[in-house]
Amino acid sequence: MSETATARRSGSVDRFRDALPKLVLSPTIAIVAIFVYGFIFFTLYLSFTDSRILPSFGWVGWQNYTNLFRIRAWDTAVTNLIIFGGLYITICCLLGLLLAILLDQKIRAEGFIRTIYLYPMALSFIVTGVAWKWFLDPGIGLEAVVQGWGFESFTFNWIKDGDMAIYTIVIAAVWQTSGFVMAMFLAGLRGIDGEMLKAAQIDGASTFALYRRIVIPQLRPAFMSAFVVLAHMAIKSYDLVIALTNGGPGTATEVPATFMYSYTFTRNQMGIGAASAVIMMMTIAAIIVPYLWSELREKK
Amino acid sequence: MTTATKSGVNMGRMVLYAALVLFCIYYLLPLYVMVVNSLKPLSEITAGGMMSLPGDWTLAPWATAWSTAQIGVDATGLKPYFVNSLVMVVPAVALSTILGALNGYVLTKWEFKGATLIFGLILFGCFIPFQMVLIPMARMLGLVGLAGSVWGLVFVHLVYGIGFSTLYFRNYYAAFPTELVRAAQIDGAGFFTIFWRILLPSSGPIAVVCIIWQFTNIWNDFLFGASFSDFDSQPMTVALNNLVQSSTGVKEYNVHFAGAIMAALPTLLVYIVAGRYFVRGLMAGSVKG
């Protein structure tokens, strides 16, 4: 009698002990289920409704999406994202690779120089935006300074020019992130087999050929990671645009992230705002999901 | 012949170092602009002297930015918002790090069917554009009465910080010898004892990485701060942006630069003191996504 009781009790203790790890994990699972996936579905649902200033649940089908693609500002935002994202990723990768190769030549004070190249990454995009906003301001910044040095005809007013303002965002964003890309490539360079390089050198390969044929192809994983990180940062970029140009002049530097915010919270077009958020997420998912998939599968 | 090659090599080295120094100047230039212009009177900036050292050194812009600058409706300076950011950052970092450590422990040492899938799902949450959760989060914070409060922001940062902290500890604990855990289990040690006695004592480095990463991200956040705070609970980044964008009165560039340095100082200090860990976090967060 007492034996079965003990057995039963130890059975439930065992069961509790078995369940404990999952119990510890469960708050996180609940949080992620609700605040990530639940919220994603909520916004997805809203994008098919007639929500304006508040969420409302009148189903309108694809209406918000068709409207979205008719809005000029959205068109501008997407075009800007393509220009910004393309240049940002390309320049960061090229500059990052160049800096990494330069730093990989047994440089004295390498650690110190690396620290300088990388510190912008610790700053808020708002701080970066403020610094570059006034530095590029034609009234007091670069243009005024160079004119003050006697080059009266020097002009650099991109930040006030609707056609060029988007490039100032590229300038500031590259400044902030290129050091980080350098660090990724440098880690990749340090992982390359030295024996192979020596062999190629003995065979008389020039430094340039060495890098083009042997080193850079081996940096493929680093390129992949850099691309994924930069692409997802480009699509999410919001703070820098707000601080640097606030989407202006006019709507010249509108990007999807600023579009979503203003349509949802200031123009009271929540349905359209939700639809734009869904498109942003789909774009990021198309990049991130295959990447995570391959990374996690490799580890298994 | 040999001398020619040698001087050629030396030339090459000089060009190399010159290039490296040039890039140093490029990266330091905005910081230089911020610092020197925060220490000079406004008239020197508007007269076209942005690149020169201050003629008339002054700390007045710093004092104004800290305690009397007009932010929104009140002339409070950035001080209360700096405090808001601190009050927000400390609990959010502490809680997300603790949860991340426990999650990493379960996901590596108590593996169960579907653990990798769950980790993947948690990880995807790190990368979603937060625009996707703004609307429902604003609703929910309103419903539970946390809208417009610093605690609401703590909650939001905790929720969206768990992904990265879990990632760090999971990858770190994956390399920790599982035999030690099994041996302790045979000796009768329980779930928490093993964590407390065996895993935690060797978790120092990754805890530092995680804390620095969370601190930097949460301190620098703007989107959540702008979306979920009201005038009294704005974090530093939002207040700084309001200071700079405000269209009333004279634009006091020197005050803006001083404010920008104030907003940058905490994360910059962390970077200078513990840069190695900062870089490790950066790399672990991306290369081993």
Side-chain angles (χ1 to χ4, degrees), chain A residues 20-21 24-25 28-29 31-32 35-36 39-40 42-43 46 55 99 102 105 113 115-120 122-124 126-127 130-132 134-135 140-141 144-145 148 180 183-184 187 225 229 232 235-236 238-239 242-243 246 257 260 264 270 274 277 280-281 284 288 291-292 295-296 300, chain B residues 16 19-20 23-24 27-28 30 33-34 45-46 48 50-51 99 102-103 106 110 112 116 118 120-125 127-129 131-137 139 159 162 166 191 216 220 222-223 237 240-241 244-245 253 256 260 263-264 267-268 271 275 278-279 282-283 286-289:
Chain A
L20 190 57
V24 167
L25 196 61
T28 302
I29 293 179
I31 284 175
V32 170
F35 297 108
V36 176
F39 279 10
I40 286 176
F42 187 83
T43 304
L46 282 187
L99 292 176
L102 291 182
Q105 311 298 323
I113 297 175
T115 306
I116 290 175
Y117 291 176
L118 201 59
Y119 86 90
L123 303 181
S124 151
I126 300 294
V127 172
V130 172
W132 283 95
W134 296 143
F135 181 69
I140 55 160
V145 168
F180 170 42
M184 289 170 83
S225 308
V229 171
H232 121 273
I235 296 168
K236 282 162 95 168
Y238 173 75
D239 322 7
I242 292 293
N246 206 1
M260 184 275 166
T264 306
M270 193 174 277
M280 286 175 68
M281 198 193 66
I284 287 186
I288 290 286
Y291 180 72
L292 289 185
E295 287 271 323
L296 288 176
K300 265 187 148 180
Chain B
L16 179 63
L20 289 170
F23 280 114
C24 282
Y27 285 109
L28 286 173
V33 167
M34 283 199 280
I45 302 177
T46 47
M50 186 180 261
M51 300 307 268
L99 266 178
L102 284 168
N103 292 343
V106 173
W110 299 85
F112 51 92
T116 310
I118 286 182
L121 289 173
I122 294 174
L123 208 51
F124 181 67
F127 295 101
I128 57 164
Q131 280 75 14
M132 205 58 195
V133 300
L134 287 185
I135 301 170
M137 186 54 99
R139 287 287 281 174
V159 164
I162 290 179
T166 303
F191 178 83
T216 312
N220 287 344
F222 177 76
L223 182 63
T237 47
L240 172 67
N241 189 56
V244 175
Q245 306 282 357
Y253 305 109
H256 299 171
T267 52
L268 213 48
Y271 175 69
F278 177 82
V279 177
L282 220 51
M283 306 297 273
S286 56
V287 181
K288 292 183 170 178

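Note on naming: letters A, B, ... go to the chains in the order of the sequence lines (proteins, then strands), and numbering restarts at 1 for each one.
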Name of the residue among B:N241, B:L240, B:T237, B:T267 meeting side-chain contact (heavy atoms from CB on, under 4.5 Å) with A:S124
B:T237
Using non-hydrogen atoms only, which part of B:F278 is less than 4.5 Å away from chain A: side chain, backbone, both, or neither?
side chain
Do B:F127 and A:L292 come close enough that some side-chain heavy atom pair is under 4.5 Å?
yes
Identify the heavy atoms of B:M50 and A:G141 that sit nearest to each other, and give their distance.
SD-CA, 3.6 Å
All heavy atoms of A:T115 vs all of B:Y271, minimum pair found to be O-OH, 2.8 Å
Among A:A277, A:P21, A:A131, residue most engaged with chain B (heavy-atom pairs, under 4.5 Å):
A:P21
Which portion of A:M281 sits near chain B, non-hydrogen atoms under 4.5 angstrom:
both
In terms of the angle between their ring planes, are A:Y117 and B:Y27 parallel, tilted or perpendicular, with boundaries placed at 30° and 60°?
tilted
Contact between A:W134 and B:V244 at the side-chain level, heavy atoms closer than 4.5 Å - yes or no?
yes
Heavy-atom pairs under 4.5 Å with chain A, option from B:L121, B:T166, B:I162, B:L102 with the top count:
B:L121
B:Q131 side-chain N/O to A:K236 backbone N/O, donor-acceptor pair under 3.5 Å:
no
Would you name the heavy atoms of B:M132 and A:T43 that are closest together and state the gap between them?
O-OG1, 2.5 Å
Looking only at atom types and distance, does a side-chain atom of B:N220 sit under 3.5 Å from a main-chain N or O of A:A122, one as donor and one as acceptor?
yes
Measure the CG-CG distance between A:L102 and B:L20 for me, rounded to the nearest 0.5 Å.
5.0 Å
When only pairs under 4.5 Å are counted, which of A:P120, A:A243, A:A144 shares the most heavy-atom pairs with chain B?
A:A243
Could you work out, with ring pair (Phe, Tyr, Trp, His ring centres under 6.0 Å) as the rule, every residue matching A:F135, not counting sequence neighbours?
A:W132
To the closest 0.5 Å, what do you measure between CD (A:Q105) and CG (B:L16)?
6.0 Å
Taking all atoms of both residues into account, what is the closest heavy-atom pair of B:A260 and A:V127, and its distance?
O-CG2, 3.5 Å
Can you confirm whether A:F35 sits close enough to B:V133 that some side-chain heavy atom of one is under 4.5 Å from a side-chain heavy atom of the other?
no
Is B:F23 close to A:I116 at the side-chain level, that is, under 4.5 Å between some pair of heavy atoms?
no
Greatest number of non-hydrogen atom pairs under 4.5 angstrom with chain A, of B:A263, B:A264, B:G275, falls to B:A264
About how many Å separate OG1 of A:T28 and CG of B:N103, when rounded to the nearest 0.5 Å?
3.5 Å
For a quick test of reading the model, state the closest non-hydrogen atom pair linking A:A274 to B:I135 and the distance between them.
CB-CD1, 4.2 Å
Side chains of B:P129 and A:I235: does their closest heavy-atom pair fall under 4.5 Å?
no
Of the listed residues (A:I40, A:I29, A:N246, A:D239), which shares the most heavy-atom pairs with chain B below a 4.5 Å separation?
A:D239
Distance col, row B:I118:CD1 vs A:L25:CG, nearest 0.5 angstrom, shows 6.0 Å
Structural part of A:I284 lying under 4.5 Å from a heavy atom of chain B
side chain
Taking the side chain from A:Y238 and the backbone from B:F222, do they hold a donor-acceptor pair closer than 3.5 Å?
no
Out of A:V130, A:T264, A:V36, which one racks up the most heavy-atom pairs below 4.5 Å with chain B?
A:V130
Measure across B:G48 and A:V145 and return the closest heavy-atom pair with its distance rounded to 0.1 Å.
O-CG2, 3.9 Å
